Amino acid sequence: SENLNPANLALLSWMLPEETLKKKEWNCLYSGSKHGFSMNRFSSHVFKYNGPTLMIIHAEVTSNYNCNYHHTRVSKKENLLIGAYITDKWRSTTSTRSCFGSAKCLLFELHPTFESFPASQRNTNYVYYNPTFGIGFGGIDTPKSTSNIGSKDTNSFVIQLDNTLQHGRYRNDALKSMDATYSLSASRTFFDKSFEVLEIEVFGLGGEGARDKQKREWMWEEQEATKRQSWKKHNSSEIDKDILKMAGVLNENTKEP
């Protein structure tokens, strides 16, 4: 991966837990350019992985907002390299106000500024995943469901992606009324950027065997789904026969071919 070049790996080594760095095997679970930019493709490659994961987002900034949420178009090309370290298994949140993760989660920026944002431990809004809304780190989404996240000024996400995984927002506001889930920037009081995603990658950091276990879990689920489908088809056929018998169309003494 171009995003995990030696320079970026060196920067990540300053932030990631020592036990994670000792793992000899990092697996690329998902790549937007390779597997497709969609929530469904994301979940089918990342879910059921039993271990910490690393998400890296390579993006191009499209707008910069000021503290009054007035935005200006970017005249000069500006690339971002940001991401998150997630400790827990990924899962879909069942309501608009539920998140997952732990205090060991962290966010980071590798380019153009190098900075990490560890958990503040003020609340537990670490990771939010919802097929309708998208993905968010460090906040609660607004009740309105839409793929356009540009108008979502009332939440406190630090990084958020819409449900197409092609557009997002990255921000830091020290004056936000909600308690910050992740520590605020030490060098910047305010920034708020809309961006277009160039690439998203998720790496499994669970070490040897974690990837194989994930594949086995997906295989087992597919086999169970096939069994359920076969059972439904068989029962449906039996019900159809019973209806035909009751209608006198099918004679019970008639042998089936």
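Remember, predicted model here, so these are calculated numbers, not experimental data. Basis for what follows: all heavy atoms, side chains included, without hydrogens, waters or symmetry-related copies.
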Applying side chain to side chain contact (heavy atoms under 4.5 Å, CB included), run through I200 and L165 and close with a yes or a no. CA-CA 8 Å; I200 301 176; L165 300 185; 4.0 Å; yes

CG (L29) and CD (E201) are apart, to the nearest 0.5 Å, by 11.0 Å

Main-chain N/O of T189 paired to N172 side chain as donor or acceptor, under 3.5 Å: yes

For W14 and F114, I'd like to know if the aromatic rings sit close, meaning centre-to-centre distance below 6.0 Å. no

List in chain and number order the residues that pass salt bridge (charged side-chain N to carboxylate O under 4.0 Å, His left out) with E18, two or more places apart in sequence or in another chain; answer none if no residue qualifies. K22

Are S92 and P131 close enough that some pair of their side-chain heavy atoms sits under 4.5 Å apart? yes

Sub-3.5 Å donor-acceptor pair from the side chain of S120 to the main-chain atoms of A180, do we have one? yes

Non-hydrogen side-chain atoms of M39 and I135 separated by less than 4.5 Å: yes

Taking the ring of Y170 and the ring of F195, is the distance between their centroids below 6.0 Å? no

What is the minimum heavy-atom distance between K23 and G207, and which atoms define it? CD-CA, 3.9 Å

Not counting sequence neighbours, which residues clear side-chain contact (heavy atoms from CB on, under 4.5 Å) with L81? List them please. N3, N8, I56, H58, L110, H111

Suppose we screen for ring-ring contact (aromatic ring centres under 6.0 Å, His included). Which residues come up paired with F47, at least two apart in sequence or across chains? Y129

Run the side-chain hydrogen bond (donor to acceptor under 3.5 Å, both in side chains) test against R122 and tell me which residues pass, sequence neighbours left out. none

Taking the side chain as every heavy atom from C-beta outward, state whether I57 and L161 have any pair of such atoms under 4.5 Å apart. yes

If a pair satisfies side-chain hydrogen bond (donor to acceptor under 3.5 Å, both in side chains) and one of its residues is in residues 35-48, list it, with sequence neighbours excluded. K48-E221

Residues at least two apart in sequence or cross-chain that pass salt bridge (charged side-chain N to carboxylate O under 4.0 Å, His left out) with E217, listed by chain then number, are K89

Tell me every residue that passes salt bridge (charged side-chain N to carboxylate O under 4.0 Å, His left out) with R188, counting only those two or more places apart in sequence or in another chain. E109, E115

Could you see if L11 belongs to whatever hydrophobic cluster contains I82? Use Ile, Leu, Val, Met, Phe, Trp, Tyr and a side-chain cutoff under 4.5 Å. no

Determine whether L205 and L107 fall in the same hydrophobic cluster, where Ile, Leu, Val, Met, Phe, Trp and Tyr are linked whenever their side-chain heavy atoms lie under 4.5 Å apart. no

Least distance between heavy atoms, T93 atom then N130 atom: O-ND2, 3.7 Å

For T132, does its backbone N or O pair with a side-chain atom of N163 as donor and acceptor, under 3.5 Å? yes

Considering only heavy atoms from C-beta outward, does the side chain of F137 approach that of V158 to under 4.5 Å? no

Look up atom CG in L198 and atom CG in N79, then write down how far apart they are to the nearest 0.5 Å. 6.0 Å

Of F42, Y49, Y126, which is the lone residue that meets ring pair (Phe, Tyr, Trp, His ring centres under 6.0 Å) with W90? F42

List for me each residue that meets side-chain hydrogen bond (donor to acceptor under 3.5 Å, both in side chains) alongside W26, sequence neighbours excluded, and say none if there are none. none

For T124, the side-chain hydrogen bond (donor to acceptor under 3.5 Å, both in side chains) test, sequence neighbours excluded, returns none

Just how far is it from atom CZ of F191 to atom CZ of R171, taken to the nearest 0.5 Å? 11.0 Å

According to side-chain contact (heavy atoms from CB on, under 4.5 Å), who are the partners of T87, at least two apart in sequence or on a separate chain? Y85, S102, K104, C105

Would you sort out whether E60 and L80 count as a side chain to side chain contact (heavy atoms under 4.5 Å, CB included), showing the intermediate values? CA-CA 6 Å; E60 184 176 329; L80 271 177; over 6 Å; no

Straight-line distance of L9 CG to L4 CG, nearest 0.5 Å: 5.0 Å

If we only count heavy atoms from C-beta on, is the H167 to V197 side-chain gap below 4.5 Å? no

Any ion pair linking E78 and K193 (charged N to carboxylate O, less than 4.0 Å)? yes

Taking all atoms of both residues into account, what is the closest heavy-atom pair of L16 and L21, and its distance? O-CD1, 3.8 Å

Any residue meeting side-chain contact (heavy atoms from CB on, under 4.5 Å) with Q121, in chain and number order, not counting sequence neighbours: A103

Measure the spacing between OH of Y182 and CG of N125 and express it to the nearest 0.5 Å. 9.0 Å

Which pair of non-hydrogen atoms, one from F37 and one from Q166, has the smallest distance, and what is that distance? CB-CG, 3.9 Å

Is a side-chain N or O of S116 found less than 3.5 angstrom from the main chain of F108, in a donor-acceptor match? no

Enter the distance from S194:OG to D162:CG here, rounded to the nearest 0.5 Å. 10.5 Å

May I ask you to check whether Q214 and D212 show a side-chain donor-acceptor distance below 3.5 Å? no

Does the side chain of L12 reach to within under 4.5 Å of the side chain of L54, using non-hydrogen atoms? yes

Shortest non-hydrogen contact from F117 toward L184: CD2-C, 4.2 Å

Residues that S31 engages under side-chain hydrogen bond (donor to acceptor under 3.5 Å, both in side chains), provided they are two or more places apart: S33, E199

